[in-house]
> 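Pasting in a structure now, in structure tokens, and then I'll have a few things to ask.
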Amino acid sequence: MRGARVAVDMLKEQRVEVVFGHPGGAVLPLYDELYSSGLRHILTRHEQNAAHMADGYARVLKRPGVCIATSGPGATNLITGIATAYMDSSPIVAITGQVATSVMGNDAFQEVDAFGLFMPIVKHNWRIESAEEVPRVFREAFHVCTNGRYAPVHIDLPVDVQNAEVPEAAVKRAHVPRRKAPKKDLNRLLDAIRFIENAEAPVIMVGGGARWSQAGADILRLAEMIQAPVVTTLMGKGSVAEDHPLVLGPVGMHGKMVATYVLNNCDTIVALGTRFSDRSTGKLSEFGKQQRIVHVDIDSSEVGKNVPNVVGLVGDVYTVTHALIAGLERRALRKHNEWVERVRGLKRECACDFNFVGQPILPQKIIWELNRRLPDDAIITTEVGRNQMWAEHFLEVRGKRMYLTSGGLGTMGFGFPAAIGAKVAAPDRFVIDIAGDGSLQMTMKELATARENGINVAVIVMNDGALGMVLQWQRMFYGKRYSAVHLGKLPDFVKIAEAYGCEAVRVERNSELPDAIEQAQTADTPFLIDVVVDADEDMLPIMPPGKSAKEVVLGPRCIWKGGETVASPVPARP
Amino acid sequence: MQVLSLLVHDDWGVMQRIAGVFTRKRISIDTIFAGPCEKPGCARVILASADPRFAKMLEHVRRVHDVIEADYIENNAEEFVLLRSASGRKPLSGKPEEVDAQLGKEDGAAYVRAYGAL
């Protein structure tokens, strides 16, 4: 069997059902084998979106998405998508074609050093030099990307290797992983338990790791046990059901005031699967000075990376949470009613009614309507910018809802292809992309992919005719010098959607929103809602970049009075 | 000066991966010493750096998929110097202090220096 055939067989062996990709000269043998393989191939209009779709697919199913591109420009186009997945620890197997080994290094047509280019944005990558290695590398790739911390991997597959014969013995050889599973390190479990036990005011901070290990229910059990409020980072949003009374919502730059306040005024932080991104913590040198921190992460290099002097536990969130529960179960835990009462009061202070009526429509209103009208198993993706932050701040991810967003890399244009990937993974669920007009224009060509393949996703565009977040920053931090930020009235998104054979409506009045959202859920095609929103409405509160949680700028409608700063009973950490 | 000893799979790009870890963290590697070793298909890489943050890079290096073992070694570090002076080429090796002292005497000679250890 030739290399390409073995590659396709290996995908099947790994239970792959769908691949996303875009063909080209250097992957033709592989596409020739895909033709009769029975694998579902989704042809994208740009390779970057193949990676985003594989990413969205992986985030829903928690197993690797596969994307394929050709050599040269195909490989470079994939890079944004793979880097997005890398920052958010999403498992993808990216396969790129490569020029024949005989001309490699000669600047052959469509040659680029994909092996070198992908290296910093994948967990590992391989350049297959002989057909004999195809089975081993493919098996290894799938093993690596879901063993330990999830991450994308990359295989560079030269065209002559795809055509060369693979010895039968190589296919039959059992796969022995080259690297052992990463070690768990729970040596400091007792310290962690002691910290939690002695805490007067504990908080659980949940990051993206909790979502990948699907530990939401277990975290809530731990929270109930130790009576700790739960705050989430952007990536952790949705890993714990947000209608639970102990869950305060998102922290960080655009988080809820109560969550940010409680995180910065507690005495013990139990951080589960988060890497303390600057967007969640604010100024790092000010963060966590007054707190004892238990840091749980599957990746040992994350412990102590951004926040030093923590009690580190290395392991996946699910396992470590259960270890903590088991350790705490037999102890007589103190009741800290005072803290619980205080948090409850603060939460009421932050529970604003954001059903704002305005003309043009206010973005909060859109989220308010979505909150009410989306089913409890809807998958919500977002683009990047103000749309993402409004969704983060106001959307309630309850029940089986999922919230997919590009948190680490902040890739504009991620949401729409990710929604398509998510819909492929979960065809029975309603998938909607909360988009901005700037972001959507980066990837809206995939309307064609969605329409052609019958992938009926919905997009709701918060159309403010500008790059909203940049506009806001220029207004707030650069003296209203609006530089290259207005997009104007073009394009007409309704006509764009119609040109791709999709249904669409424009919404300019609050009263039209409910109808439009209903229509999106029953449409027979992908559906686009173009909502004209108020560009002057700023996404507030904001913790300005490089500032600490004490310097948050509140919005004019914010009802938060501000909790008083209480001196922590714990001595400051060095 | 910290010395880091690595056992790695001798595959394409392994040096690039290791160097990439330090480049990203803005740590300059002062000397690199690498070559095949007693295990077939493997190689040893010795890195040394005076950057204070170099000492905290162990977990980051171990994360590289091709790295089998990584540890700091200090006590038995050897210094190797190849120098070219007016009197010709001369290799030096031994304890870092001794070699450095000898090197100091060779005023203006061109040299290349590396730290190695097992």
Side-chain angles (χ1 to χ4, degrees), chain A residues 83 86-87 89 98 101 104-105 113-130 133 136-137 140-141 143-145 147-149 151-156 158 176-183 185 275 295 297-309 312 314, chain B residues 2-29 32 34-74:
Chain A
Y86 185 67
M87 290 291 272
S89 303
Q98 183 57 279
T101 47
M104 208 184 272
D113 177 18
F115 186 58
L117 281 171
F118 276 91
M119 226 174 246
I121 53 163
V122 292
K123 194 169 176 185
H124 195 67
N125 63 342
W126 296 264
R127 186 173 69 196
I128 302 187
E129 305 271 324
S130 86
E133 291 174 26
R136 180 187 69 81
V137 168
E140 181 87 5
H143 175 81
V144 168
C145 78
N147 204 275
R149 185 176 182 174
V153 294
H154 164 239
I155 300 170
D156 204 22
V176 184
R178 199 177 226 197
R179 229 174 132 92
K180 285 186 214 117
K183 282 196 202 108
D185 180 3
R275 60 187 168 86
H295 188 183
D297 205 291
I298 194 165
D299 182 348
S300 55
S301 71
E302 289 293 350
V303 174
K305 186 184 84 177
N306 286 354
V307 178
N309 303 313
V314 180
Chain B
Q2 280 268 357
V3 182
L4 178 61
S5 168
L6 313 169
L7 179 66
V8 301
H9 289 290
D10 193 4
D11 273 354
W12 295 109
V14 61
M15 286 308 294
Q16 196 175 339
R17 289 178 211 278
I18 295 166
V21 172
F22 294 97
T23 310
R24 278 196 52 200
K25 304 272 175 191
R26 298 192 296 129
I27 294 173
S28 167
I29 308 170
I32 298 174
C37 71
E38 76 284 358
K39 296 190 182 173
C42 295
R44 280 189 199 280
V45 180
I46 315 287
L47 306 174
S49 170
D51 193 307
R53 289 166 303 157
F54 187 72
K56 288 180 183 159
M57 293 301 292
L58 200 55
E59 291 304 320
H60 296 274
V61 173
R62 283 181 176 162
R63 236 180 124 198
V64 176
H65 191 72
D66 273 336
V67 171
I68 306 165
E69 289 169 14
D71 274 302
Y72 290 107
I73 36 177
E74 184 58 63

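Residue numbers begin at 1 in each chain, while the letters A, B, ... track the order of the sequences.
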> Given a strict heavy-atom distance threshold of 4.5 Å, which part of A/E129 is in contact with chain B: side chain, backbone, both, or neither?
side chain

> Taking B/H9, B/R62, B/Q16 one by one, which has the highest count of heavy-atom pairs under 4.5 Å against chain A?
B/H9

> My understanding is that only residues two or more places apart in sequence, or in another chain, count here; which of them pass ring-ring contact (aromatic ring centres under 6.0 Å, His included) with A/Y86?
none

> For B/V64, is it the side chain, the backbone, both, or neither that has a heavy atom closer than 4.5 Å to a heavy atom of chain A?
backbone

> Does atom NZ (B/K56) have a neighbourhood of more than 12 heavy atoms from anything else shown, all under 6.0 Å?
no

> Assess whether salt bridge (Lys or Arg N to Asp or Glu O under 4.0 Å) is satisfied between B/D11 and A/R178, documenting all intermediate values.
CA-CA 12 Å; B/D11 273 354; A/R178 199 177 226 197; 2.7 Å; yes

> Which bit of A/D299 comes within less than 4.5 Å of chain B, counting heavy atoms only: side chain, backbone, both or neither?
side chain

> Considering only heavy atoms, which portion of A/K180 lies under 4.5 Å from any heavy atom of chain B: side chain, backbone, both, or neither?
neither

> Looking only at side chains, do A/H154 and A/N125 share a donor and an acceptor under 3.5 Å apart?
yes

> Would you kindly say whether B/H60 and A/E302 are connected by a side-chain donor-acceptor distance under 3.5 Å?
no

> With a 4.5 angstrom heavy-atom cut-off, is it the side chain or the backbone of A/V144 that approaches chain B, or both, or neither?
side chain

